[in-house]
Protein chains: 2
Amino acid sequence: MRRAQRELSEGILLTDQYQLTMAHLYFRQGLHRMPVQFEYFYRTNPSYGPHQSGFTVLAGSGSLWAWMAEARFTEKELSYLRKQTGRNGKPLFHSDFLEWLSLEGNFEQLQIVGVQEGRVAHPTVPLMAVQGPFAMAQILETPLLNHMNYQTLIATRAVRMHQAAEGRPILEFGLRRAQGYGANPGVRGALVGGADASSNVGISHALGFDPKGTHAHSMVQAFMAMGGGELEAFRAYADVYPDDCLLLVDTVNTLESGVPNAIRTFEELRKKGHRPVGIRLDSGDLAYLTLKAAQALDAAGFSDTTIVLSNQLDELVIWQIISQIREEGPKYGLEPTAVIKRLVFGVGTSLVTSKGQAALDGVYKLTAINRHNKWLPAIKVSESPSKTVNPGAKKIWRLYDKRGKAIVDVLAKEDEPLDELPELHLHHPVDFSIQRKLKKKDLSRIEQIWVELPQSGPDSPLFDTIEQMRRRKDADLECMYDGVKRLVNPHLYHVSLTHELCELKSQLVSQARRV
Amino acid sequence: MRRAQRELSEGILLTDQYQLTMAHLYFRQGLHRMPVQFEYFYRTNPSYGPHQSGFTVLAGSGSLWAWMAEARFTEKELSYLRKQTGRNGKPLFHSDFLEWLSLEGNFEQLQIVGVQEGRVAHPTVPLMAVQGPFAMAQILETPLLNHMNYQTLIATRAVRMHQAAEGRPILEFGLRRAQGYGANPGVRGALVGGADASSNVGISHALGFDPKGTHAHSMVQAFMAMGGGELEAFRAYADVYPDDCLLLVDTVNTLESGVPNAIRTFEELRKKGHRPVGIRLDSGDLAYLTLKAAQALDAAGFSDTTIVLSNQLDELVIWQIISQIREEGPKYGLEPTAVIKRLVFGVGTSLVTSKGQAALDGVYKLTAINRHNKWLPAIKVSESPSKTVNPGAKKIWRLYDKRGKAIVDVLAKEDEPLDELPELHLHHPVDFSIQRKLKKKDLSRIEQIWVELPQSGPDSPLFDTIEQMRRRKDADLECMYDGVKRLVNPHLYHVSLTHELCELKSQLVSQARRV
């Protein structure tokens, strides 16, 4: 796509047409500056077919702030809106509205509170509340969802892969099969979730990470077509990258050609005083090949080399590979832990597209409007009760038991001092008849998980770094029960409403049904 | 993400690190200008779980040409590459290589032949052959795959939805749950595949399409929270958009509130001389609600209004809705065809993320190198025979039977004049023992499906329009047997190698195994 097309489509017009037609209607009705509150939440944890997640890790907000800070209706954008006509051939948007967009059509007046990037999140819990002028809060819906849904999806997947890999490095390799330029925010999500680096050059540099890579089959093929062989290709690589020599060993035959040629190349490097990095396996039975290659490398005195694995890996495949190595290692005279400790996982399509679950079902719903300086709760009743929005301004709390583990996220009305009550009366978020009481003395911590966002602008040194987000993620994971973190059939983490919020919701639902 | 970050990550650094390290190696070895040929093909048709496609529709090349035409190593890109160091702390890329990139690091010297955008394509058939200097043909791998794999995936899905919808309009609504900015190339793919329009404002304008939209629940909710009701919201909308009035009727209760309020609003519009557009149903049993709404609209004299359906639609859901309307329409005193003819389908996540199959497995493989003005075939042997690349320079042919239907795509050596032979000797692409002979007299057409690409630059009036691509797609679909187009369990379309190409491949495989 042309640069100009990318710029136009990634600026403030990265939104849905109906956001603009509604903003125009609010303008005509004099409602465009009315303060409103929208909330962002998602409904279900990602499920990848045979396995599912018991939580998510929130990502995307930093990208969203940076996007919001620059998004403007400039003459370029307005010229397109000006030209669009309705069925009657007249301009769809009136010129006074476009004039207003050019002056106030930015996101500077929006205030956002919510959960910080990198934190663990759960379904139905509001993760962000956007307050501000109706028209601009409305236009923000689509870009907010686009940023948050995708990066949260990918961060969550990266966490799972990292878990399966028992902390061994995860490299993101997915650009070639990613969903277009979505690859780039995808890499950011992967890094927040704990991927160590990416092969994607541009976005890695843009985010301050060194891109990683080895070489491809084509290099070896070219040397073979010229009448040489794999060994010549390896030697050429070692010659250019004597201290970064990581060789792909499966172009011809992994065990009969690739590994012996790699070892020969490594020996030559060693003689010249260099330390080879390792090999990459990209096809076949990866656990078996790892063990055989480790044996050969050990025998040649290269037991400190890395073995990078790639080829359609996901968390289950990584899990399987590690289990197999653990089980079969001793048969090959290898200490399994030592073998596992030299592994690095290159993950492509499954991570960057979140194979099996390509979207997070996050939504952005109007929960309150402010008339004459008073907040009025807004509700949307759905025929399926689980889809009925939790109304009004609120606060979100996370409760920890005496062992320091998080046990429930609680949605409360804004003025409920949960941390001051001796006992909390909680309801199931859909079936209100399911309820329980929690005593404060049985809890170790009552945490308000919403903070003001963004805490500072994208160019401020206070702006969150990916490293900070990763630390938040690690801290939250540490406070979760293992059952919730399980890769398959995780325990259900509880989300509850306070008794007071339940009552407000019931009352508004009855009112709405009477309209 | 900041604009500067988007620009950096969507320019020439939209590639994998190993493409750069290999290009650097070719430079060091004096191979960077050696002409080579890479081919693009995919291995399997998309399979969405319970259903799968029997073909794809190629998309993305126009975006790729436009990207290639502008992609350059400017000082901005080079400054990042210059700073990157290896493990020894020295620069990873030598300065003479970076200097060369600044001078010749563009795609102007690459020649591309292949299948035109919009045409029907099949697995294992080379769809593009890139010839030119090794270093730049190598760097192109990742961006080419990124553009082609995703847009082809989405174009194919749009074709399927269009088929299920029996030609009724498909609107792309997926931006909010798309994979980041990938939404934008996704919209382009959807349009190539036959989606009529998109709600995504920026990319629609960038591609010369009017974005489409209605209004959201939040607008109705806001009027309700202010003490008004759905009817007030509808009237406000009708007031601003009297000739574009399409009302979302499920915020409160579709049949008891939404449809009656919409009809009342439409009656008021009619009195003022306007023609209402229709309603949108976004939840519940869409076929049943369509029939009930159609009844009510007909009774009020609005039988020419549109009914837009949305809510997690995909090709199977669309198919089910149309079947149900066809079956149950008469029970409601409705002519099913008339009801179907007023439908429009708004498709979100399933289309833009290709739910169930989030990536096409397209690859880009070295097939030949040119030494001393002679093309030498290159091969990569895989332990799985279906992954062994078809070597050498070649031509691709499509054969049509006497009924004018396409029956097989044939990979041939470059110098085989398939259209001049009285009989064609074809082999199964993997199991060479399966073979057959086709007589020219039994064929109506022998078409060479590769042409020179791009036929002209992105700013030329000769550059393909999306309309042209859609016509190509329609023409190709017309020439396909219904069995191959089936939404579920499609027939297998044949792809064959000529006898001569088989012999070359067998010979190279044996050679490679001996290395």
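Lettering follows sequence order; numbering is per chain, from 1.
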Subject >> Part of B:Pro143 lying under 4.5 Å from any heavy atom of chain A >> reply: neither
Subject >> Best-contacting candidate, A:Leu508, A:Ile154, A:Asn184, A:Leu92, against chain B by heavy atom pairs under 4.5 angstrom >> reply: A:Asn184
**OP:** Could you tell me which portion of A:Pro377 (side chain, backbone, both or neither) has an atom closer than 4.5 angstrom to a non-hydrogen atom of chain B?
**Re:** backbone
Subject >> Side-chain touch B:Arg177/A:Val363, heavy atoms, less than 4.5 angstrom >> reply: yes
Original post:
Checking B:Trp67 side chain against B:Glu10 main chain: does a donor-acceptor pair fall under 3.5 Å?
Top reply: yes
Original post:
Any idea which of A:Leu64, A:Asp210, A:Val389 has the most non-hydrogen atom pairs under 4.5 angstrom with chain B?
Top reply: A:Asp210
Subject >> Donor-acceptor contact present, side-chain B:Arg188 to main-chain B:Gln151, <3.5 Å >> reply: no
Subject >> Value rounded to 0.5 Å, distance of NE2 in A:His217 from CE in A:Met219 >> reply: 11.0 Å
Original post:
For B:Asp243, is it the side chain, the backbone, both, or neither that has a heavy atom closer than 4.5 Å to a heavy atom of chain A?
Top reply: both
Subject >> Flag, side chain of B:Tyr150 to backbone of A:Tyr181, donor-acceptor distance under 3.5 Å >> reply: no
Subject >> A:Pro391 vs A:Thr367 side-chain heavy atoms within contact, under 4.5 Å >> reply: no
Subject >> Part of B:Tyr26 within contact of chain A (heavy atom distance under 4.5 Å) >> reply: side chain
Original post:
Do side-chain atoms of B:Asp16 reach the backbone of B:Tyr18 as a donor and acceptor pair under 3.5 angstrom?
Top reply: no
**OP:** Side chain from CB out, backbone as N, CA, C, O: work out which of these in A:Glu256 comes under 4.5 Å of a heavy atom of chain B, or both, or neither.
**Re:** neither
Original post:
Relative to chain A, which segment of B:Thr349 carries a heavy atom at a distance below 4.5 Å: side chain, backbone, both, or neither?
Top reply: side chain
Original post:
Top residue by heavy-atom pair count (under 4.5 Å) with chain A, among B:Ala178, B:Gly213, B:Ala358?
Top reply: B:Ala358
Original post:
Side chain, backbone, both or neither: which part of A:Phe97 has a non-hydrogen atom closer than 4.5 Å to chain B?
Top reply: neither
**OP:** Side chain from CB out, backbone as N, CA, C, O: work out which of these in B:Lys365 comes under 4.5 Å of a heavy atom of chain A, or both, or neither.
**Re:** side chain
Original post:
What residue in A:Leu81, A:Thr85, A:Thr142, A:Leu207 has the most heavy-atom pairs under 4.5 Å with chain B?
Top reply: A:Thr142
Original post:
Looking at A:Tyr237 versus B:His24, is the centre-to-centre ring distance below 6.0 Å?
Top reply: no
Original post:
Relative to chain A, which of B:Leu25, B:Val240, B:Leu31, B:Asn88 shows the most heavy atom pairs under 4.5 Å?
Top reply: B:Leu25
**OP:** Name the region of B:Gln221, side chain, backbone, both or neither, that has any atom closer than 4.5 Å to a heavy atom of chain A.
**Re:** both
**OP:** Please examine the side chains of B:Ser198 and B:Ser204, heavy atoms only from C-beta on, and report whether any two atoms are closer than 4.5 Å.
**Re:** yes
Original post:
Given side chains that start at C-beta, do those of A:Val36 and A:Met34 come closer than 4.5 Å, heavy atoms only?
Top reply: yes
Original post:
Under 6.0 Å between ring centres, would you say that holds for B:His215 and B:Tyr241?
Top reply: no
Subject >> Largest heavy-atom contact set with chain A, pairs under 4.5 Å, which of B:Pro242, B:Ala183, B:Gly362 >> reply: B:Gly362
Original post:
Relative to chain B, which segment of A:Phe134 carries a heavy atom at a distance below 4.5 Å: side chain, backbone, both, or neither?
Top reply: side chain
Subject >> Proximal component of B:Arg3, with respect to chain A [non-hydrogen, under 4.5 Å] >> reply: both
**OP:** Please flag which part of B:Gln138 lies under 4.5 Å from any non-hydrogen atom of chain A: side chain, backbone, both or neither.
**Re:** side chain
Subject >> Check: B:Asp244 side chain, A:Arg87 main-chain N or O, donor-acceptor pair, under 3.5 Å >> reply: yes
Original post:
Taking the side chain from A:Thr353 and the backbone from A:Ser350, do they hold a donor-acceptor pair closer than 3.5 Å?
Top reply: no
Original post:
With only heavy atoms counted, which part of A:Asn149 is less than 4.5 Å from chain B, the side chain, the backbone, both or neither?
Top reply: side chain
Subject >> Side chain / backbone / both / neither for A:Gln357 at chain B, heavy atoms under 4.5 Å >> reply: neither
Original post:
Top residue by heavy-atom pair count (under 4.5 Å) with chain B, among A:Asp361, A:Asp239, A:Leu144?
Top reply: A:Asp361
**OP:** Tell me, for B:Ile369 versus chain A, whether the close heavy atoms (under 4.5 Å) come from the side chain, the backbone, both or neither.
**Re:** side chain
Original post:
Do you know which of B:Leu376, B:Val277, B:Leu360 has the most heavy-atom pairs with chain A at a distance under 4.5 angstrom?
Top reply: B:Val277
Subject >> Side-chain donor or acceptor of B:Thr21 paired with backbone N/O of A:Thr214 under 3.5 Å >> reply: yes
Original post:
What option among A:Gln84, A:Gln179, A:Arg176 has the most heavy-atom pairs under 4.5 Å with chain B?
Top reply: A:Gln179
Subject >> Check: B:Ile139 main-chain N/O paired with B:Thr15 side-chain donor or acceptor under 3.5 Å >> reply: yes
**OP:** Could you tell me whether the side chain of A:Tyr80 reaches within less than 4.5 Å of the side chain of B:Val201, counting heavy atoms only?
**Re:** no
Original post:
Who among B:Gln5, B:Met226, B:Lys212, B:Lys355 has the most heavy-atom pairs with chain A under 4.5 Å?
Top reply: B:Met226
Subject >> Contact origin within B:Ile12 toward chain A - heavy atom pairs under 4.5 Å >> reply: neither
Subject >> Most chain A-contacting option - heavy-atom pairs closer than 4.5 Å, from B:Ile379, B:Val220, B:Leu175, B:Leu14 >> reply: B:Leu175
**OP:** Please flag which part of B:Arg371 lies under 4.5 Å from any non-hydrogen atom of chain A: side chain, backbone, both or neither.
**Re:** side chain
Subject >> A:Glu7 side chain reached by A:Lys76 side chain, heavy atoms, under 4.5 Å >> reply: yes
Original post:
With only heavy atoms counted, which part of B:Met148 is less than 4.5 Å from chain A, the side chain, the backbone, both or neither?
Top reply: neither
Original post:
Less than 4.5 Å apart, any side-chain heavy atom of B:Phe93 and any of B:Lys83?
Top reply: no
**OP:** Can you establish whether the number of heavy atoms outside A:Arg28 located under 6.0 Å from its atom CZ is more than 12?
**Re:** yes
Original post:
B:His205 versus chain A, heavy atoms under 4.5 Å apart: side chain, backbone, both or neither?
Top reply: both
**OP:** Could you have a look at A:Ala378, A:Ser218, A:Ala368 and say which one has the most heavy-atom pairs with chain B under 4.5 angstrom?
**Re:** A:Ser218
**OP:** Measure B:Leu153 against the heavy atoms of chain A and call it side chain, backbone, both or neither at under 4.5 Å.
**Re:** side chain
**OP:** Below 4.5 Å from any heavy atom of chain B, which atoms of A:Val352 appear? Answer side chain, backbone, both or neither.
**Re:** backbone
